[in-house]
Amino acid sequence: MLSELFLLQVFLSFIAGGVVVALAITMAERFGPKLGAVILTLPTIALVAFFFIGITNSPEFVVSLIPFSITGLGIYMLFLSFFIILTER
């Protein structure tokens, strides 16, 4: 059976992630559609995810994940940029 501490961490990660997403959506609505789109494309949950991964595994494991997440974010932003440029034509 799952430990109570693990279930508490899962619950807290869902709550923290939901709060971060709600704040990002509120900021996007407040700053308009263009800046809002930029805010919503940022990996808003990454910091929360790294925090809880660090708690469950180790900080060294999180440090080893960061280069891969930055690479993935770069590829995503490159794809998004090309998609925006090509849809305007």
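Just so you know, these numbers come straight off a predicted model, no measurement behind them. Note that these values count all heavy atoms, side chains included, but never hydrogens, waters or copies made by symmetry.
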Trainee: Does one hydrophobic cluster hold both I70 and F51, with members joined at side-chain heavy-atom distances below 4.5 Å?
Mentor: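 No: no chain of side-chain contacts under 4.5 Å links I70 to F51.
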Trainee: Please check if I66 and F61 belong to a single hydrophobic cluster, counting links between Ile, Leu, Val, Met, Phe, Trp and Tyr side chain heavy atoms closer than 4.5 Å.
Mentor: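 Linked within one cluster.
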Trainee: Yes or no on side chain to side chain contact (heavy atoms under 4.5 Å, CB included) for L12 and F52, after CA distance, side-chain angles and deciding distance?
Mentor: CA-CA 9 Å; L12 288 176; F52 283 103; 4.0 Å; yes
Trainee: So does L47 have more than 12 non-hydrogen atoms from other groups sitting under 6.0 Å from CG?
Mentor: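 Incorrect, the count does not exceed 12.
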Trainee: side-chain contact (heavy atoms from CB on, under 4.5 Å) with L23: which residues, sequence neighbours excluded?
Mentor: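 L23: side-chain contact (heavy atoms from CB on, under 4.5 Å) contacts with V19.
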Trainee: Would F50 and S69 count as a side chain to side chain contact (heavy atoms under 4.5 Å, CB included) here? Give the steps.
Mentor: CA-CA 10 Å; F50 287 149; S69 65; 3.4 Å; yes
Trainee: Does I25 share a hydrophobic cluster with V48, counting links as ILVMFWY side-chain heavy atoms below 4.5 Å and allowing steps through other members?
Mentor: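 Shared cluster, yes.
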Trainee: Hey, what do you get for CE (M77) to CZ (F83), rounding to the nearest 0.5 Å?
Mentor: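 Between M77 CE and F83 CZ, I get 14.5 Å after rounding to 0.5 Å.
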Trainee: Can you tell me how far CG of L65 sits from CG of N57, rounded to the nearest 0.5 angstrom?
Mentor: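 So the gap between those two atoms works out to 8.0 Å.
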Trainee: Between atom CG of L73 and atom CG of L80, what is the distance when rounded to the nearest 0.5 Å?
Mentor: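 Rounded to the nearest 0.5 Å, the CG-CG separation comes out at 10.5 Å.
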Trainee: Report whether I84 and Y76 are members of the same hydrophobic cluster (ILVMFWY, side-chain heavy atoms less than 4.5 Å apart, transitive linking).
Mentor: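 Shared cluster, yes.
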